[in-house]
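Notes for the one structure printed next.
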Amino acid sequence: MSDLRIASIDTRVLDVPLFRPHGFATYTATSQPILLVSVTLEGGVTGYGEGVVPGGPWWGGESADTMKVIVDKHLTPATLGREVTELSGIVADWERSVANMRFAKAALEIALHDAWARALDVPLAHLLGGQFRSELDCVWALGVLPLEEAIAEVNERQEMMGTRAFKLKMGSGDPKVDTGRIADLIANTDVDLSYRIDINARWDRLTSLTWLPKLADAGIQLFEQPTPADDLDTLREITSRIGVPVMADESVCSPADALAVAKKQAADVIAIKTTKLGGLIESKKTAAIAEAAGLACHGATSLEGPFGTAASLHFAASTPAVTYGTELFGPLLLKETYVTEDIVYRDGKVIVPEGPGTGLEPDWDKVNFFTRD
Ligand code: MUC
Ligand code: MG
């Protein structure tokens, strides 16, 4: 077997334009900054991970810039020279030098997993318990958009890639106007489509209790994180009062958070982002807690590029607890890709790439083109 010691870790920030602006509750992204981490083993194999937040630090406080500093200055010295087969110990040791900073840890942890899987010549899912499915349902997320543009985008995605389920971003505007816009969208598109909303923790209790029932009447089938991350009492109240399933996203950034949500019965579904959770090992722990508590898991996204998305797909494909589909559509938001063969989307599903590691290879001309000076 080739030498599995970690020889070098390289980081670079890519700025990849989006095909259209993506409006979140407090920020509109026109490009996605991505920290691309490359880990090379002594035997010569290289693996890739991505450090990504949705657009910028508004979501969880980290950005591609902060991740670069954390990986370069603090995680890399604690990692170089060790055997990649010690990965769970390496990740545990990172806690001695870096608290929190889970997005940064995920970028390196996933690159290490990928290098290890490539060195063994197996798909990444084989290191995560084994792959038992090859495709997953995939939601398309619309940013905050005017009604006509939203209707056009839903129709287009339905036609182009068979998408049947859509996530709508809310929380940026007047709740009454926004609720009306969403009710009009649902009324003016195919009746069989499924819609969910993500408020990114921007509404308070009273706003939620006023407008969520109206959104339920309009046909919304899932409420994602309406209220602030730490307020599990209000999340539980919404979960028990309105009769539409609730998904916890910002409220669950660690396995301990999942345990707190489970104990309070504060949500029905947990959004598993391998980024916010600090990588694949912590994501597995989080999914196990949710499963034991009878909660569903959703394969969620920070709008990663192809490498990050593929890693999350291998996670979802090897984790039976992911029973609530995925929204792993991030690469499709990018104007152009930077891998030689991109992830395939068809019939409302995303296909898990085949081959060693994530199954994807960098297109170095494109990677260099998108690399920040
Ligand atoms: C989030 O909070 O879920 C995922 C899709 C999208 O549009 O935003 C992200 C972040
Ligand atoms: Mg969310």
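The basis for the numbers below is simple: all heavy atoms, side chains too, and nothing from hydrogens, waters or symmetry mates. Because the structure is predicted, anything quoted here is derived from the model rather than measured. Just follow the structure's listing: the first ligand is 1, and inside any ligand the first atom is 1.
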**Request:** Take the angle between the ring planes of Phe24 and His22 and call it parallel below 30°, perpendicular above 60°, tilted in between.
**Result:** perpendicular

Side-chain donor-acceptor pairs under 3.5 Å in residues 121-133, sequence neighbours left out?
| unit_1 | atom_1 | unit_2 | atom_2 | d |
| --- | --- | --- | --- | --- |
| Gln131 | NE2 | Arg133 | O | 3.0 |
| Arg133 | NE | Ala316 | O | 3.2 |
| Arg133 | NH1 | Val322 | O | 3.3 |
| Arg133 | NH2 | Ala316 | O | 3.0 |
| Arg133 | NH2 | Thr319 | O | 3.0 |
| Arg133 | NH2 | Val322 | O | 2.8 |

**Message:** Looking at Lys276 and Asp249, is there a salt bridge between them, counting it only when a charged N and a carboxylate O are closer than 4.0 Å?
**Reply:** yes

**Prompt:** Close to the Mg ion (ligand 2), meaning under 2.8 Å, how many protein N, O or S atoms are there?
**Reply:** 3

**Request:** Return each pair, listed once, that meets salt bridge (Lys or Arg N to Asp or Glu O under 4.0 Å) where at least one residue sits in residues 307-328; pairs must be two or more places apart or across chains.
**Result:** Lys167-Glu327

**Message:** Under the criterion side chain to side chain contact (heavy atoms under 4.5 Å, CB included), I'd like the reasoning laid out for Gln221 against Val244: C-alpha separation, chi angles, the key distance, then a yes or no.
**Reply:** CA-CA 6 Å; Gln221 293 176 5; Val244 165; 5.7 Å; no

**Item:** Sub-4.0 Å heavy-atom environment of ligand 1, residues by chain
**Value:** His22, Phe24, Pro54, Trp59, Ala141, Lys167, Lys169, Asp198, Asn200, Glu224, Asp249, Lys273, Thr301, Leu303, Glu327

**Request:** Decide, yes or no, whether a salt bridge links Arg181 with Asp178 under the criterion of side-chain N to carboxylate O below 4.0 Å.
**Result:** yes

**Asked** Taking 4.0 angstrom as the limit, do Glu95 and Lys105 come out as a salt bridge?
**Response** yes

**Prompt:** Hey, what do you get for CD (Glu153) to OG1 (Thr163), rounding to the nearest 0.5 Å?
**Reply:** 10.0 Å

**Request:** Could you tell me which non-hydrogen atom of Thr275 sits nearest to which non-hydrogen atom of Ala106, and how far apart they are?
**Result:** O-CB, 3.5 Å

